[in-house]
S.K.: 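Input: one structure, supplied below.
Since this is a predicted model, take the numbers as computed values, not measurements. Throughout, a chain's letter reflects where its sequence line sits, starting with A, and its residues are numbered from 1. Hydrogens, waters and symmetry mates are skipped; everything else that's a heavy atom, side chains included, is used.
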There are 2 protein chains.
Amino acid sequence: MTVTLADVAARAQVSPATVSRVLNGNYPVAAATRERVLRAVDELDYVPNGPASSLAAATSDLVGILVNDIADPFFGIMAGAAQGAIGAPGAGRAGGEKLAVVCNTGGDPERELTYLTLLQRQRAAAVILTGGSLEDPEHLAAVSAKLARLTEAGTRVVLCGRPPLEGVSAATLAFDNRTGAQRLTEYLLSLGHRRIGYVAGPENRTTTRHRLEGHRAALAAAGVAEGPTVHGRYDRPSGYEVTSELLSRAPDLTAVVAANDTVALGVCAALRDRGLSIPGDVSVAGFDDLPFSVDAVPALTTVRLPLHEAGARAGRIALGAEEPPAGEPSTIPAELVVRGSTAPPKG
Amino acid sequence: MTVTLADVAARAQVSPATVSRVLNGNYPVAAATRERVLRAVDELDYVPNGPASSLAAATSDLVGILVNDIADPFFGIMAGAAQGAIGAPGAGRAGGEKLAVVCNTGGDPERELTYLTLLQRQRAAAVILTGGSLEDPEHLAAVSAKLARLTEAGTRVVLCGRPPLEGVSAATLAFDNRTGAQRLTEYLLSLGHRRIGYVAGPENRTTTRHRLEGHRAALAAAGVAEGPTVHGRYDRPSGYEVTSELLSRAPDLTAVVAANDTVALGVCAALRDRGLSIPGDVSVAGFDDLPFSVDAVPALTTVRLPLHEAGARAGRIALGAEEPPAGEPSTIPAELVVRGSTAPPKG
DNA sequence: TTGAAAGCGTTACCAA
DNA sequence: TTGGTAACGCTTTCAA
């Protein structure tokens, strides 16, 4: 039925062991023999049986990339970069390529665990967890336990965009959300804004908390009272919805900071629908510097996270092609990007 | 080291065969025995070895979803819906879940083939190819051959958003890009536009060709001469860049149709940068009805493709939970969505 | 440099 | 309803 390694061996008049060695390129084989084997592989259109080799070698070529929302370019950019880094160099166990796969958790803790189990079952070579994480202690414990099992079994674990995990020895690339958020609010304050609303992400998420902390730190340092803060999901409809609450609680807002650019989009749409001009009546600031959003709100002031670089680096670490950050988890800076859309308050 | 099925069997005082049957739930087992086995599984924290079972069963729980650009919500929405449909019902070979994985080809034909080979090697249960396809005969032949091998080996193949392939028996869900594009241009014509520019996608892509054909059909039916047409990539920077060429070739344009919403975003940005107002000076129309873009160009007129529904359906078909469209590949309608941003030409 | 053969952990068939 | 036991296709010592 399907062509096996034995078929190739027979055709090339060598032993299966030799074929395996040629294919894996990790063992000396005479040039002539290699030639013969490769020809046989070609002629028979042989494709190795992944499960079989994974079973024998006790590891697979699979690299899992977990994302919270695959429809959000924030994750798409990171995942794409990681996948690019993994697919490119071609370093499967056998010089064959790795299979970088993206798994969409939808931000659901259960699905996150399910995917980790699935990946564990597949004996994945590496797992990359991207984006902020839930802060529920129970869930964190479960994830930590799972990751510990994975690393134990030889799976490399990389945290990209979330803080390190208690008791898990994983390479960590954490964004400096806190400082970024602080800079953003400082900038608004420097323009003269004093009544600033804040649309936060879901409660219990690291990104939500860190960004909010940065925002509050800036306000505190300037001695400015915190404006209304509302929580919502990290998507556009949510930004749209919660804006009404924000305005009802403080109709005199001069600026709104959104948890991220996607949410900022919704905020802007809601403001426009109420006849408020941006930045004439209200200035809006975002976070992440997503290309999509920057178009939506011409020249949105936001914070740039190096999503592409972080993803690519995570990919290389997962591959073992780059040393993981030693000791302290490396913190990736968040850079304030000022564009024209943010103006001083009216009057 | 790691817990195996034999360990569970020993602990539960049954044979390995029985444990397998309990886990796969596809064979009668006495309730008491099942109970005992499940407890052992739990106590030992046993996770089945995927590669081993894939080898023995000659099929895996992997479902591959190929996308052209993972950072583009067009694909994100489809992939997310497919993944949701696949993850949800829990119908691995064993009542265990399937692992739906997204593979990013970047629109590169070679990577597309590489991923197909990788999935073939993994003995994937199903493969979903999303979005338009390259029309290069050589590449098409290679893909067809690959898909033929896959179906032969029992992998289900679903084409979602691209036309059927010669000689490949795959379930096909094709968007009616042609009619959608035609409606869109008809609408502009009905408003009185006569000088309409067109920003097409990359040459040799099915979506590019079909949408352009629809556009031309509308013009021909109305007896209106075709305006300038330029080709670019399916992304925002490309839309931005080619707009200058469009304007230099026809400074008197009153409307621009973009190959999709993402491109329309770039077009709008370029027009704004030249001081042209939308839709005051130039009306812009898109395609795909992406949430992101609709915000960017308040009330962009566009064509809605049921991305979510299509993706979910593709997922169910891949699972075998839904019958694939019989006989003729089912064509999914594209619906014109008129919003306020498109106006009659000035004067 | 090559070959022989013993696993790797499940599944599934055949008996019991 | 359960157990015994060949496969499944590859990797990897150990010898030659």
S.K.: Please figure out whether B/Ala31 or B/Leu55 has its closest DNA chain D nucleotide nearer the 5' end.
M.R.: B/Ala31
S.K.: Measure the shortest side-chain to side-chain distance between B/Val102 and A/Val101 over non-hydrogen atoms and say whether it is less than 4.5 angstrom.
M.R.: no
S.K.: Are any non-hydrogen side-chain atoms of B/Leu173 and B/Leu159 less than 4.5 angstrom apart?
M.R.: no
S.K.: Send over the distance from A/Gln13 CD to C/dT1 C1', rounded to a whole Å.
M.R.: 17 Å
S.K.: Rounding to a whole Å, what distance do you find between A/Arg34:CZ and C/dT2:C1'?
M.R.: 14 Å
S.K.: For B/Glu43, what residues pass the side chain to side chain donor-acceptor pair (under 3.5 Å) criterion, not counting sequence neighbours?
M.R.: B/Arg11
S.K.: Bend across the helix from C/dT1-D/dA16 to C/dA16-D/dT1, to 10°, with axes taken over 5 pairs at each end?
M.R.: 30°
S.K.: Measure CG/B/Asp61 against P/C/dT10 and give the value in whole Å, please.
M.R.: 14 Å
S.K.: Using side-chain heavy atoms (C-beta onward) and a distance below 4.5 Å, is A/Leu113 in contact with A/Val143?
M.R.: yes
S.K.: Which of the following nucleotides, D/dT1, C/dT10, D/dT11, is nearest to the side chain of B/Ala30?
M.R.: D/dT1
S.K.: Taking the side chain as everything from C-beta on, heavy atoms only, tell me whether B/Phe75 gets closer than 4.5 Å to B/Asn68.
M.R.: yes
S.K.: To the side chain of A/Thr33, which of D/dC10, C/dT11, C/dT2 is closest?
M.R.: C/dT2
S.K.: For a quick test of reading the model: is some side-chain N or O of B/Thr4 closer than 4.0 Å to OP1 or OP2 of C/dG9?
M.R.: no
S.K.: Rounded to whole angstrom units, what separation is found between the CG atom of A/Asn24 and the P atom of D/dT12?
M.R.: 7 Å
S.K.: Below the 4.0 Å mark, does D/dT12 have OP1 or OP2 next to a side-chain nitrogen or oxygen of A/Ser20?
M.R.: no
S.K.: Would you say the side chain of A/Asn49 lies within less than 4.5 Å of the side chain of B/Arg123, judging by non-hydrogen atoms?
M.R.: yes
S.K.: Nearest whole Å is fine: how far is C/dG9 P from A/Arg121 CZ?
M.R.: 16 Å
S.K.: Nearest to the side chain of A/Thr18, which nucleotide is it out of C/dG9, C/dC8, C/dT2?
M.R.: C/dT2
S.K.: C/dG3 base to A/Arg21 side chain: any donor-acceptor pair below 3.5 Å?
M.R.: yes
S.K.: Measure the distance from CG on B/Leu23 to P on C/dT11 and round it to the nearest whole Å.
M.R.: 7 Å
S.K.: Given C/dT10, D/dT2, D/dT12, which nucleotide is nearest the side-chain atoms of A/Ala57?
M.R.: D/dT12
S.K.: Under a 4.5 Å cut-off applied to non-hydrogen side-chain atoms, are B/Ser133 and B/Leu140 in contact?
M.R.: yes
S.K.: Examine D/dG3: is either OP1 or OP2 under 4.0 Å from a nitrogen or oxygen in the side chain of B/Ser15? Give yes or no.
M.R.: yes
S.K.: Measuring to OP1 and OP2 of D/dG9, would you say a side-chain N or O of A/Ser53 lies under 4.0 angstrom away?
M.R.: no
S.K.: Hey, are A/Arg162 and A/Glu112 close enough for a salt bridge, meaning a charged N less than 4.0 Å from a carboxylate O?
M.R.: yes
S.K.: Can you tell me which nucleotide in D/dT11, D/dT2, C/dG3 comes closest to the side chain of A/Leu5?
M.R.: D/dT11
S.K.: Mind calculating the distance between CZ (B/Arg36) and C1' (D/dT2) to the nearest angstrom?
M.R.: 11 Å
S.K.: By nearest nucleotide on DNA chain D, pick out whichever of B/Val14 and A/Asn49 is the more 5' one.
M.R.: B/Val14
S.K.: Using a 4.0 Å heavy-atom cut-off across all strands, classify B/Pro48 as base, sugar-phosphate, or nothing.
M.R.: sugar-phosphate
